[in-house]
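Structure first, commentary second.
By convention in this document, chain letters (A, B, ...) are assigned in the order of the sequence lines, proteins followed by strands, and residues within each chain are numbered from 1.
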Amino acid sequence: MHEYLRGLNEQQRAAVEHTKGPLMIVAGAGSGKTKVLTTRIAHLMANGVDAFNILALTFTNKAAAEMKERIERTLQSTEARNLYIGTFHSVFAKILRYEASKIGYPSNFTIYDTDESRSVIKTVVQEMGLDEKHYKPNIVHNRISSAKNALMGPMQYLMDSALQQEDARANRPAIAKIYAAYAARCFKNGAMDFDDLLLKMYELLKTHNEALHKYQHKFKYIMIDEYQDTNPVQYEITKLLAAVHENICVVGDDAQSIYSFRGATIENILQFQKDYDDVKVIKLEQNYRSTQNILNVANKVIGNNKNQLPKVLWTDNETGELIKLIRTGTDNDEGKFVADTIKEQKLRNHYYNKDFAILYRTNAQSRAFEESLRRMGIAYKIYGGLSFYQRKEVKDMLGYLRIIVNQQDEEALKRVINFPARGIGKTTIEKCVIYANEHNITMYEVVKRAGEFGFKAGTLEALNNFTTMIRYFQTMLETNNAYDVAVQVGKHTNIVKELFNDKTTEGLQRYENVQELLNSIKEWTESPSNDDGEQGDKSLGSYLQQITLLTDTDKDEENVDVVKLMTIHAAKGLEFGCVFVVGVEETLFPSAMSINTREELEEERRLYYVAVTRAKDKLWISFANSRYRFGQLVQNEPSRFLDEMPKELLDMTHAASSSRMMGGGNSFGSSFSRNSGNGFAINDAEQAAKKYGPPPEKKGLSYLTKSTAIPKLTAHTPSGNFEASDVSDMEAGHKIEHQKFGFGIIMKIEGSSHNPIATIEFELNGERKIMLNYAKLRIIK
DNA sequence: GATTGCGCGATTTTT
DNA sequence: TCGCGCAATC
């Protein structure tokens, strides 16, 4: 028996050894999925399959890198570097770069990230003379993105009556036209967005038989990780590629499907068994990651979902500690609690920073934890949010490199043509764009031939100087490597010098970022070619294409000792000794946007499942009575998911006994229910108190914000049938009755019109700020 | 043509 | 609260 087969359980081994024909591995959380995948590839190679003939598609670059490394270790050989392994996006980008001319693109095509796509949409909407307020870039982009992921071009979009009706109803009938213009503009710019990397790959295979045959033949063995998160384009592409050999192995867990907003559909994993004859299905149900308590909680919660493949996840691991449930007064208290607990755990149980992860639903929640960790002197890193490559100074530098490599790229040109300022202003740029559109040439072409378009002498000179500089960089690129050119760009444009002279903290940071960028280019240039025989390519163009697809979770920083903060989405596939799942409140988790259909809610629940199953040893789940949103303190109920966890597995006394780090006073009494029919939350508070222990006592801690201290409530019982009045009728000066606080006078109304906040002086309960949308008030006079 | 300041709208999740 | 877009000003 091969050495690498030892240490696999029966099912894992069966999955590894089943190499011929379609295979579906249903892999529960923590069931050794990566191990199976890597061992399976090693096994193929050990049995004579050429690495060049194996395609493995993963969800993140990090997963790909990790797999590659593990295979090398298993086989004690560098052959693994010949594997085609990476994310859908990066693998297809590589292939498209090679095949670009077949579909009319330059091989140096630019890849637009989401920001750039939106920016192009914005220009297109402007140029079409449409109302920008109405056709907001992110809304339009989402529509287009969904269409692309569903294999729909502009024409099909226009012909689709369901989509047309939706757009008409939303009063956005021009989306199909914008889509067409956007696609045309991207093409003209020699650019693809993220979705194009999939869509164009599909089109390539569909329209070019020789390309289809080539890759069908090349990829004799195909493996796809996280299959539950693939979307229709990805599904169609892999189906095409696998059609000849049918050696396709998909790995997934329907319980962890969390990307439907990106077009992913569980249908793919359910459909797989029908697509091929004789599909072998193997279930990996033993969990090696978590304690029994953690796993039991996770199983119980996910059991509330109706749509799922039957499986039972179990573990041999020890029972472990109870799951600790924590209620805090505010989001700041929550941050403080987590930082305190980390400090305590490090001292008591000798954990390192890197053993901890703080997982939240939205990026905006990171702030409170950032502050508290910084105050406690605990090293941390936030993943997600603004990535390195999205920073302005980095984008500016990259803008130059992009226009050097691809002169069609109008986005890049507009970004750098007057940065640093060189007297080419808005009007000039607008003129260039108009001339370009009129003559159907690229904007760069207009700039290059500025003399033909009647610019004023000064402007003309500025434009000419600019193109001379770009041309200088281009010729330089012929004889120098990417790094040298990048350094020259920094010098010649004065970008580096300007940042260097900026001695503010931010300026220093920006300078360092540019230096880091240069280092990364250097590293790329000098690292050994990856031996893939066909496209081992160290050109600047290749560099630019790859970095757009990088996220900061991809950077392997295992040995850096920091607490990790990230969204639950970003945490998929990762595991940590100690996990804090925070902000587990209604409207936040589940998100208010995702509680309208069963499908949406079930996805939120799967997300919760993913969060909980990241933990190996210890799990804390926290929620706050109130938190700042839009700069206002708002109250939330505890999440419904908390009710779905079996109480005997929860340590709820912790919430009450650790009140030393929590505040909020009697803030329960003032929380407003969003959905309980009677419009106030005191019942919820009582229920919550029963369920999760008594509300934390206030101990006057300095970090508590004043607004959490709310005067004691004097209860009020409304007279007769209480009928709430229309919010829009309310004005300052009105006398009102509140269901719980009793009679009062509206002092003022502020806040936005869709979220008005009234300051009301109550007879018995003092002055309070009331959110009119949630509270029910009756106008007396 | 660049800089500053004010007012308004925004929060899901990401390759 | 924060960041962005727009308008006013030099």
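- Look at A/Asn418 and you'll find a side-chain N or O under 4.0 angstrom from OP1 or OP2 of B/dA2.
- Among the heavy atoms of the strands lying under 4.0 Å from A/Asn363 are primed sugar atoms or P, OP1, OP2 only; no base atom is included.
- Dashed line: the shortest gap from a side-chain N or O of A/Ser594 to OP1 or OP2 of B/dT13 is not under 4.0 Å.
- Residue A/Thr459 is classed as having no contact, given no heavy-atom separation below 4.0 Å to the nucleic acid.
- The interatomic distance linking A/Asp113 (CG) with B/dT14 (C1') rounds to 12 Å, in whole Å.
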Any protein N or O atoms within reach of nucleotides 5-10 of chain C? Criterion: under 3.5 Å, listing atom names and distances.
none

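- Seen from the ring of A/Tyr259, A/Lys572 does not count as a face-on cation partner, given the 6.0 Å and 45° thresholds.
- For A/Phe59 and A/His89, the distance between ring centers is not under 6.0 angstrom.
- For the salt bridge (charged side-chain N to carboxylate O under 4.0 Å, His left out) with A/Arg640, the lone residue among A/Glu604, A/Glu586, A/Glu585 that qualifies is A/Glu586.
- Heavy atoms of A/Lys572 sit nowhere under 4.0 angstrom from any nucleic acid atom.
- Taking atom P on both C/dC4 and B/dT13, the two are 16 Å apart, rounded to the nearest angstrom.
- Aromatic ring pairs are classed by plane angle as parallel below 30°, tilted from 30° to 60° and perpendicular above 60°; the pair A/Tyr435 and A/Phe455 is perpendicular.
- At the heavy-atom level, A/Asp229 lies nowhere under 4.0 Å from the strands shown.
- Ring centers of A/Phe187 and A/Tyr105: under 6.0 Å apart, within the cut-off.
- An OP1 or OP2 oxygen of B/dG1 is reached within less than 4.0 angstrom by a side-chain nitrogen or oxygen of A/Thr427.
- Applying the 4.0 Å criterion to OP1 and OP2 of B/dT15, one finds that A/Asn231 has every side-chain N and O outside that range.
- Judged by the 6.0 Å and 45° rule, A/Lys94 forms a cation-pi pair with A/Tyr84.
- Among the atoms of the strands shown, only primed sugar atoms or phosphate atoms (P, OP1, OP2) are found under 4.0 Å from some heavy atom of A/Tyr259.
- Seen from the ring of A/Tyr235, A/Lys239 does not count as a face-on cation partner, given the 6.0 Å and 45° thresholds.
- Considering only side-chain N and O atoms, A/Thr60 lies nowhere under 4.0 angstrom from the phosphate OP1 or OP2 of B/dT14.
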